Amino acid sequence: MRDYHVNIFYSEEDQGYIADIPDLKNCASFGETPGQALEQALIAKAAWLRAAKDGNKPIPPPAYKPAIYQTG
């Protein structure tokens, strides 16, 4: 089963970690540690998908691949 890719990076400006899900527009979270950011991103993902479903909005399939995994 494929799932959505999550980017996690440190933000000097925010003094913490940001986790975002590129396939889900504006789906991102914050945490003091990478683990906290990921935990919050999974909560945000569930809420994003629930809101899209409840609003009869399209849900994009997982498609994002980081550049390091792109092939040829």
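Here the structure is a predicted model, which is why all the values come from computation and not from measurement.
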Min side-chain heavy-atom separation Tyr4-Leu42 under 4.5 Å: no
Mutual orientation of the aromatic rings belonging to Tyr10 and Tyr17 [parallel < 30°, tilted 30-60°, perpendicular > 60°]: perpendicular
Atom pair CG (Leu49) and NZ (Lys57), whose distance is rounded to the nearest 0.5 Å: 15.0 Å
Any side-chain heavy-atom pair of Pro60 and Leu24 under 4.5 Å: yes
Ile59 reachable from Ile21 in the ILVMFWY side-chain graph, under 4.5 Å edges: yes
Shortest non-hydrogen contact between Ala44 and Ala28, atoms and distance: CB-O, 4.2 Å
Check: Asn7 and Pro22 side chains under 4.5 Å, non-hydrogen atoms: yes
Main-chain N/O of Pro62 paired to Asp23 side chain as donor or acceptor, under 3.5 Å: no
Over 12 foreign heavy atoms within 6.0 Å of CD, Gln15: yes
For Cys27 against Trp48, the heavy-atom pair lying closest together: CB-CD1, 3.8 Å
Ala41 versus Ala19, closest heavy-atom pair with distance: CB-CB, 3.7 Å
Side chain proximity check, Lys45 to Asp3, heavy atoms < 4.5 angstrom: yes
Spatial distance of atom NZ (Lys53) from atom CZ (Arg50) [nearest 0.5 Å]: 10.5 Å
Within-4.5 Å side-chain heavy-atom neighbours: Ile8 and Leu38: yes
Pairwise side-chain contact, Asp20 with Phe9, heavy-atom cut-off 4.5 Å (strictly under): yes
Gln36 side chain to Glu32 backbone, donor-acceptor under 3.5 Å: yes
Donor-acceptor contact below 3.5 Å, side chain Ser29 vs main chain Ala37: yes
